[in-house]
J.: 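Dropping a structure here in structure tokens format, bear with me for questions.
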2 protein chains.
Amino acid sequence: MTQITVAPRRPGGHGGDSGRPRDPQTDRAILRATVELLAEVGYLDVSVAEVARRAGVSKPTVYRRWARKSQLVVEALVTQMLPDNATPSGSAGEELLALTEQLISTLTLTPLGRVLPGLVAEMAADAELAHSYRELVIGPNRSRWRAAVERGIGRGELASDTDVDLVLNALAGPLYFSLLITGDPIDDYYARAAVDLVLARYGTARADARPSRR
Amino acid sequence: MTQITVAPRRPGGHGGDSGRPRDPQTDRAILRATVELLAEVGYLDVSVAEVARRAGVSKPTVYRRWARKSQLVVEALVTQMLPDNATPSGSAGEELLALTEQLISTLTLTPLGRVLPGLVAEMAADAELAHSYRELVIGPNRSRWRAAVERGIGRGELASDTDVDLVLNALAGPLYFSLLITGDPIDDYYARAAVDLVLARYGTARADARPSRR
DNA sequence: GGGATATGTTACGTTACGTCATGTAGCCAA
DNA sequence: TTGGCTACATGACGTAACGTAACATATCCC
């Protein structure tokens, strides 16, 4: 996950190397201001004008880099994503538990939680944005989950007919559901309970070194 | 579920019975136009002006009844909700399966699916709206699911320590997740697979009259 | 220095929200 | 029948944000 960017604009269709170069500091200042504002007021109330003001930059300078507010926001989010937490280890149950807990952290501790509602609305109306978001944020995450499940199957801890997508959705879905729809707080024991649910269905005898309590 | 309305406005703070009465036809025309537009263009691109035009009504007439566009939309949605599908019957597994399938229908066949993304954004920014939506749409539904689970516990088909909220979220969450975030289509076998997941964890021996195949 | 691009400033066009003012239409009660 | 009250249509308005354009200036590379 290195240096991901969303369609950095080159006005006039050129990608020219001549002329005055862009100030990289400006890019950073804009992204920083965006993250800051997102955390304060959420997606809908972020205005490009205010972002520009805080970054000490003019509005056209923002639009020269990102064609739409939504793209700016996606890229700002990517810079805030928590790093991959070390290498996988432990049983399938432990791995899934760790991934679920990390997702909870991301949704809870980073600005993502405040941003997601507005972003969801934009994604529904802007296919390109939806694509970016899924590719940059959702995709990489899913790969890690998928890998964990497949390792579990390989070790015989999960049944060979395990429905991978169902497992991912069963663990992640309720989190987004609470965040976006019901507004209910996320229970401290959610991760464990959800993983138990999955293991009860797809876990094999060998998986009963699982970290559940009941 | 009879005659639910969202804060019908009475201008000037009066709830007076004097003066010219509102034309009930006008209310219906506005709601109908709203549903129609929602289905066509989704939440974000619904404009009150266009709603008014289609309803053959002026803009202030709309605002006289609903203080905000979002409230109008919620009420329009309520009129579109599918009716309770008969009385509960069958095993806990069958009941949950039926409820899940009905939720899929609601999200797929009614305008709710197109509306939800935009509504989610508004709810995040408008606590009052969120409250209305949860009370009018989410709440009644949840009660039915909860009742089904509790009947299952009562009949001994579900374990007595069944985590009711977890069950509801595990069945409904992934649907919203797919709809709002991943954009993946909802698999035909989702309902059955998800119910299986729940029964594997919370079903008792007695529940094995369950309608699962494997 | 000259060509090319970035940047700031300022202004603009567009859209939609939500409100207000005015005149007219329709109900009720005295 | 008359007066009071409210609904309604029309048209205009204020506000706010998006996204773009024009122009002058700054900064880079050759």
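Residue numbers start from 1 in every chain, and the chains themselves are labelled A, B, ... in the order their sequence lines are given, proteins ahead of strands.
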J.: It should be established whether A:Arg65 places a side-chain nitrogen or oxygen under 4.0 Å from OP1 or OP2 of nucleotide C:dT7.
T.: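 So the side-chain polar atoms of A:Arg65 do come within 4.0 Å of the phosphate oxygens OP1 or OP2 of C:dT7, strictly under.
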J.: Considering only NZ, NE, NH1 and NH2 on the basic side and carboxylate oxygens on the acidic side, decide whether A:Glu50 and A:Lys59 come within less than 4.0 Å.
T.: no
J.: Between C:dC20, C:dT7, C:dG18, which nucleotide gets closest to the side-chain atoms of A:Arg64?
T.: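 Looking only at side-chain atoms, A:Arg64 lies closest to C:dT7.
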J.: Could you pick out which residue, B:Val48 or A:Thr26, lies toward the 5' side of DNA chain C when each is mapped onto its nearest nucleotide?
T.: A:Thr26
J.: When you look at A:Leu44 and B:Glu122, which way does the side-chain contact (heavy atoms from CB on, under 4.5 Å) test go after all the steps?
T.: CA-CA 8 Å; A:Leu44 277 186; B:Glu122 290 286 324; 4.2 Å; yes
J.: When you measure only distances, ignoring hydrogens and angles, does the side chain of A:Arg22 come within 3.5 Å of the base of C:dA6 through a donor and an acceptor?
T.: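 Side chain to base: no pair below 3.5 Å.
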J.: Which is true for A:Val51 with a 4.0 Å heavy-atom rule: it touches a base, it touches only sugar-phosphate, or it touches nothing?
T.: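 Contact class for A:Val51: none.
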J.: Salt bridge check, B:Asp27 against B:Arg65: does any charged N sit closer than 4.0 Å to a carboxylate O?
T.: yes
J.: If you look at every strand shown and take non-hydrogen atoms under 4.0 Å, does A:Val62 touch a base, only sugar-phosphate, or nothing?
T.: nothing
J.: Checking only heavy atoms, does the side chain of A:Arg20 share a donor-acceptor pair with the base of D:dA26 at less than 3.5 Å?
T.: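 Donor-acceptor pair under 3.5 Å: yes.
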J.: Categorize B:Lys69 for me: base, sugar-phosphate, or nothing, with a 4.0 angstrom heavy-atom threshold over every strand shown.
T.: sugar-phosphate
J.: When you measure from the centre of the six-membered ring of B:Tyr43, is the NZ or CZ of B:Lys69 closer than 6.0 Å and no more than 45° off the axis?
T.: yes
J.: Please tell me which of the listed nucleotides, D:dC18, D:dT10, C:dT7, lies nearest to the side chain of B:Pro60?
T.: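 From the listed options, D:dT10 comes nearest.
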J.: Taking only side-chain nitrogens and oxygens of A:Thr61, does any of them come within less than 4.0 Å of OP1 or OP2 of C:dG8?
T.: yes
